[in-house]
Amino acid sequence: LRDAAGCGMLDLALTDRTTVAGLVDLLDARDPGLGAVLTDPSVRVAINRTLRPAEATDTVADTDEVAFLPPVTGG
């Protein structure tokens, strides 16, 4: 995901009613095609270190930390 975004972290100013989906739209506008990567069913979303569904309509506060987590393998 870091490679797709071209960075490991971004600071963005958000409106009071930005949703996770709206955040993905903002990121996709910044880097076309990134939205498709972030909404892949295998990518998980964490808000303030709490996992949420990728299609979450929860609002994201300007002070929240949002992380998009790629799938991992292990064994």
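Since this is a predicted model, take the numbers as computed values, not measurements.
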- Message: Donor-acceptor check, side chain of D64 to backbone of V66, threshold 3.5 angstrom: yes or no?
- Response: no
- Message: Show, in sequence, the C-alpha distance, side-chain angles and deciding distance for V45 and L23, and conclude whether the side chain to side chain contact (heavy atoms under 4.5 Å, CB included) test is met.
- Response: CA-CA 11 Å; V45 178; L23 176 59; over 6 Å; no
Can you list, pair by pair, the side-chain donor-acceptor contacts under 3.5 Å of residues 3-14, counting residues two or more places apart and other chains?
none

- Query: What residues form a salt bridge (Lys or Arg N to Asp or Glu O under 4.0 Å) with R2, not counting sequence neighbours?
  - Reply: none
- Chi angles and distances behind the side chain to side chain contact (heavy atoms under 4.5 Å, CB included) call for F68, V24: CA-CA 10 Å; F68 294 91; V24 169; 3.9 Å; yes
- Item | Atom pair OG1/CG of T63 and N48 - distance to nearest 0.5 Å | 7.0 Å
- Task: Apply the side chain to side chain contact (heavy atoms under 4.5 Å, CB included) test between L1 and each candidate in D40, L69, V43; give the one that qualifies.
- Result: V43
- Query: Which atom names give the shortest non-hydrogen contact between T15 and T18, and what distance separates them?
  - Reply: OG1-OG1, 2.9 Å
- Item | Closest heavy-atom pair and its distance - D28, G35 | OD1-N, 2.8 Å
